[in-house]
Protein chains: 4
Amino acid sequence: MRQSTFADLGVGLIGTGFMGRAHALAFHNARTTFDLEVNLKLRAVADADAARAEHCARAWGFDRSHADWQQLISDPGVNLVAITTPNHLHFPMAMAALEAGKAVYCEKPLAVSLEQARDMHRAALKAGVVTRVGYNYQQNPIIGLARDMIESGELGQIVSFQGEFSEDFMGDPKSPWSWRCEQAHAGGALADLGSHLLAMARYLLGDIEAVCADAHTVHGQRPVCVGSQEQRQIAIDDQTYALLRFANGARGTFGSSWLKHGYKNHLSFEIGGTLGTLSFDQQRLNELRVYRSGAPGRDGFQRILAGPAQPGYAAFCPAPGHQLGYNELKTLEVRSLIQALCGANSEGPDFAEALEVERLATAIRVAAKEMRWVKVSDI
Amino acid sequence: MRQSTFADLGVGLIGTGFMGRAHALAFHNARTTFDLEVNLKLRAVADADAARAEHCARAWGFDRSHADWQQLISDPGVNLVAITTPNHLHFPMAMAALEAGKAVYCEKPLAVSLEQARDMHRAALKAGVVTRVGYNYQQNPIIGLARDMIESGELGQIVSFQGEFSEDFMGDPKSPWSWRCEQAHAGGALADLGSHLLAMARYLLGDIEAVCADAHTVHGQRPVCVGSQEQRQIAIDDQTYALLRFANGARGTFGSSWLKHGYKNHLSFEIGGTLGTLSFDQQRLNELRVYRSGAPGRDGFQRILAGPAQPGYAAFCPAPGHQLGYNELKTLEVRSLIQALCGANSEGPDFAEALEVERLATAIRVAAKEMRWVKVSDI
Amino acid sequence: MRQSTFADLGVGLIGTGFMGRAHALAFHNARTTFDLEVNLKLRAVADADAARAEHCARAWGFDRSHADWQQLISDPGVNLVAITTPNHLHFPMAMAALEAGKAVYCEKPLAVSLEQARDMHRAALKAGVVTRVGYNYQQNPIIGLARDMIESGELGQIVSFQGEFSEDFMGDPKSPWSWRCEQAHAGGALADLGSHLLAMARYLLGDIEAVCADAHTVHGQRPVCVGSQEQRQIAIDDQTYALLRFANGARGTFGSSWLKHGYKNHLSFEIGGTLGTLSFDQQRLNELRVYRSGAPGRDGFQRILAGPAQPGYAAFCPAPGHQLGYNELKTLEVRSLIQALCGANSEGPDFAEALEVERLATAIRVAAKEMRWVKVSDI
Amino acid sequence: MRQSTFADLGVGLIGTGFMGRAHALAFHNARTTFDLEVNLKLRAVADADAARAEHCARAWGFDRSHADWQQLISDPGVNLVAITTPNHLHFPMAMAALEAGKAVYCEKPLAVSLEQARDMHRAALKAGVVTRVGYNYQQNPIIGLARDMIESGELGQIVSFQGEFSEDFMGDPKSPWSWRCEQAHAGGALADLGSHLLAMARYLLGDIEAVCADAHTVHGQRPVCVGSQEQRQIAIDDQTYALLRFANGARGTFGSSWLKHGYKNHLSFEIGGTLGTLSFDQQRLNELRVYRSGAPGRDGFQRILAGPAQPGYAAFCPAPGHQLGYNELKTLEVRSLIQALCGANSEGPDFAEALEVERLATAIRVAAKEMRWVKVSDI
């Protein structure tokens, strides 16, 4: 599954919802924007609805369609399988693709249980293929700058992390039940939103050793569907808070909520070091707020705008202030995946990393349930 | 040049620089993202460098390439000619395309002189085809919200406009001379940046009747090229300020500078009405700041995030806070153009509107030169 | 100690440092700004340095001075004793004043140990006098608005609190040891800064039932004095983080740090309810950020400026946007204290409340030391 | 009128409205906060209402009161006359005080006509006393930092100024007529608000040589009093915009409005130099926003918080982030005035400077009326 293996790289995409189209755009735009090392071919789209599969394949520039995702995996023209289906389908699809020796690009969360995630990681190791999980926010060039600042020591020793991922789409108690309200589908604020933040925390600061947490179901019942009088009992977390201890010694707080009014995509964090502080909010994804100790009365927090100085940006915009959008983070993710497939030492969360994120989320869940500190490696 | 005329719409793209690729992405993504009314075909790319033309055509998914832009215009498969070349080439290319009865999608500024702009407008009228000029910032869904607020009377009678488009890429006196420093190439802060703001002011508030202005060359000479000791005399405006009188009675100020340090793409404005105020900065293109009179001690400026409530947004992102990027404004521009080509009453700046922008910029130039108020209709 | 007891209210001030002068200004300005119910008399200043005591008494408009604080307490003209000395002196001074039947206005923290705080509370109950502790940030008119919004139900049921009080004055490891580094003097980030935030959390949301926490000494040694090579071992917390469970059901996080670079007086919090969210940062003490659910695509966080609509503000400034400063919060505190002395049902933290703050801080300290959840009422 | 002249400096205050009390507080607090070079005595308060004069004198700590302002001026204990009455009274009071050889501290605007201002300036020269006009915003320590940055060349050559002073207290057309609507009382947005901004522009950048302007009456009639159906015709400017040419070569824009909704005390400006940019908004008076050219991708606008590093601040607050309020700018103004009275080379706007501000405002008025550029020195 290295460059020498194929002159062409054939992509098979499972799922035609919003995320399916986002992948389709990202594959095309990665090809148009970057000089990729392979000949990227948009080979097939799969959707259980055959007509929809065919329509999307044509509209999105793919060669063919399959009504059966297993056919797509068997398709000899497909080298890379992109999975954008609901969470509970990630496991069977990824396992089949790995079994077939295909590279896998799976949306987050990797699985709906830690056990599944472990199996998937094992299967990936056995298959020896490249895997990637869609923690796309890490691909942001300004996040790359944040990481550089941390790794270069520019902020000194890192001592604190305070992160929060809040949205408000479940803020209204009349927002109805959905699969997102079920643990068995990796629902809840922690799994749905918090896992992005945990992945980011690990990406920037490395391992988290111990956690203590509090999970809270605010609305214990919700309508079975929009407008219904019938209520369904709900046990999932609407908000989860935690204390984090990092392996590097940093301490911090974590929050995740899907009912914090006013926040729409508030994946945010502040990282403190012995020489400076940086903070970020995904709602302004092209900005990094940085403070570096300076002359008294002359220093202050600075807003750095994403620009061509950060790798990846210049492919999309000629100057700072023009701004990347959400979809371009996806394009950067695809490019990073292609680089990995071509043998480059490309960073990006693979199944091994996604397993660690799941382990961490599970540790938080256990800590909250048992109201005690939990060592992550014990999970 | 209406939908009935063709089942397919063949696009020919002249120019392969940054803006050429931006167009290529926009055409593809408009097709993938929206259910267009036509069958959009990426037919041909033209560049004087035949090898580059061929390479780009292949990389960007176009059928063929031409080393001669006139061949592209004559290409029978091409119905729509997109022009992304340097400013002084807009005129001959657009005139040839119009002569050939093709629709034209031209980057701004329309032309390098008011005379050219007049000729182009006349030619477009004669050809009876759809034209469009790339004032892409108007396509922003949150700008659509701003316009709705103004037109609906939500802000009351509009009484003030204060706008500024500042960047700093010419801030360093060692930034060398380029064609942007020449009036004959539509250079200078007013033409290069300010024209975007004038187009926006007209889009939101309509006609401007009279102007008074001050144009200022700060750096009267610049190196002939990077690092050179040799200096070249420069007479173009580094910054231009103006007073504006709108036909609707509003008054205001205008500023344009390419040496205002810290600003990267600061197309910004604040519009005051008798019931409220709104402001916008392109550097945060997904936000609109709005104040509406409310209860004393309970009101305040509000930050509205772009989201699916604004037409166009949902095609790219599922929720507010995810954010559109610069390139998606281009995709929205292409979609609006396609709608116009299909006979929809699609708004968007055509050659007639671009001529008015040029007239207004010329009025400002005259007012500054002669240090007097100028009636725009006298130009 | 009620209005009928005295026509005049004689103030005795112990301590002439920064906070002593702040009190002196506040007493004078309360008299000038408000129509107080008593005839406020600035009677005496005490400082161990007799010359300094005398100088300050004259400069600040007090009648006389004492070199011995016990004389000031015995001074028959003094009805109210204001204590602004270092933390470890609060206990003996307040106890003596209470013993003498004088009202006491003591700077925070109330004491250097929970035991002292308990004794002081008991003594105040026995004396039956008015007491007040200087949690002055609660006096901010815009905080009053925040409390109104919470209590009126405007934000719905409160479900989350996220608070942080960070400064950076100990950020440099070369910042020397001081008494603030000693537990026995109520030092450390939690006691020095965090206690303000805990008092605020209680003021706004009421009792906190349980906590879990993590305390962290980043710099285990510091120079004995500025520039010294000699190091002193330090065991106090540089930063403390906690999870909070409120009696009203809300959950949240707490942070306190004195080495978070870039923050100077960052007493900040965000409170989420089922209908809206509000947030505040003491660094912009005249602003409240509020979000209330509204029409999709039309709502957003709002910045409310402090103004005459909030009680207390109009005494200082004629309109919003003029801004109160830190010292005016102190003036408002004095006025609230005078109201309490005159029998009004004036809110404000007395010794009973300060004891609860100390209990809470102690619970956090225990939770951090023993790495477990602690029920606050068990302390 | 120099220090040697008096050991004591006796203050006489005319007017007991909001600004009268602000002066009273400022005189007291300057004495308490700073080690003044003179023995400041609060001698007398004058108000036409004898009872009110007496009440205020007692409440504010002044020795005596006068019902007749001329008696106050004749009071041998009064060395300095502070004038806080309505605008049209500034002239007779200041003239009488100067005639009596007293120093004068007059609120802005100096007078209600340029002719008055000229006479007052001449009288001050003849009297040889210290004068001061209450452009208090210049006293802000962070404005001092801005000026230092400009004068030190840290921002390079200054090339642009964009300033605006907007409020919204006349935004509602039902806001009734008042003396502020009359030219004869120095009413209108330009005189009432804009003059503060003009004084600030001069303070920071020096002389303005030429102006062009547009003045606009939005609401041509207003109720004669609150709630009345009877309307009164109004000819004063609700908003005035101008272009400015500074003697130092900088160019810029000016705006002043009292009906721009959402703005409460928005005295704001942005100053661009060839090396950097700074901006300020009185609504956040403890912050300065600064950009200095730095490494690409690493620089950005910085928010500097006012703190002890700026002269004047430490007298009120121990650290940045605590914040000065509006009234403390007044205290700093008084201290600066005392320094001037003691012969120090204290900066601050005297009658000569206030005359220049009036000349400039008049030039803007003429430019707007005659719709032409006006050379300020021609006024």
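Letters A, B, ... mirror the listed sequences (proteins, then strands); counts begin at 1. Atoms considered below: every heavy atom in the structure, side chains included; atoms not considered: hydrogens, waters and symmetry mates.
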Q.
Using every non-hydrogen atom in the two residues, find where B/Cys212 and D/Trp373 come nearest and quote the distance to one decimal.
A. SG-NE1, 3.6 Å
Q | Spacing of OG1 belonging to D/Thr253 relative to OH belonging to B/Tyr241, to within rounding of 0.5 Å | A | 7.0 Å
Q. With chain B, which of D/Asp299, D/Asp214, D/Val218, D/Leu259 has the greatest number of heavy-atom pairs at distances under 4.5 Å?
A. D/Asp214
Q. Where on B/Ala215 is there a heavy atom nearer than 4.5 Å to chain D: the side chain, the backbone, both, or neither?
A. backbone
Q | For chain D, the option from B/Arg251, B/Met371, B/Arg292, B/Lys260 that forms the most heavy-atom pairs under 4.5 Å | A | B/Arg251
Q.
Let's test your reading of the structure: which of D/Gly255, D/Ala210, D/Ala213 forms the most heavy-atom pairs below 4.5 Å with chain B?
A. D/Ala213
Q | Contact leader toward chain B among D/Asp238, D/Leu275, D/Val290, D/Asp172, where contacts are heavy-atom pairs under 4.5 Å | A | D/Leu275
**Q.** Greatest number of heavy atom pairs closer than 4.5 Å to chain B - which of D/Arg372, D/Lys264, D/Glu270
**A.** D/Glu270
Q) For residues B/Ser293 and D/His261, is any side-chain donor paired with an opposing acceptor at under 3.5 Å? A) yes
Q.
Please output the residues of residues 152-171 of chain B in contact with chain D, using a heavy-atom cutoff of under 4.5 Å, in numerical order.
A. B/Val159, B/Ser160, B/Gln162, B/Glu164, B/Asp168, B/Gly171
Q. Below 4.5 Å, heavy atoms only, C-beta onward: do D/Arg245 and B/His216 meet side chain to side chain?
A. no
Q) Taking the six-membered ring where the residue is Trp, are the ring centres of D/Phe301 and B/Tyr263 under 6.0 Å apart? A) yes
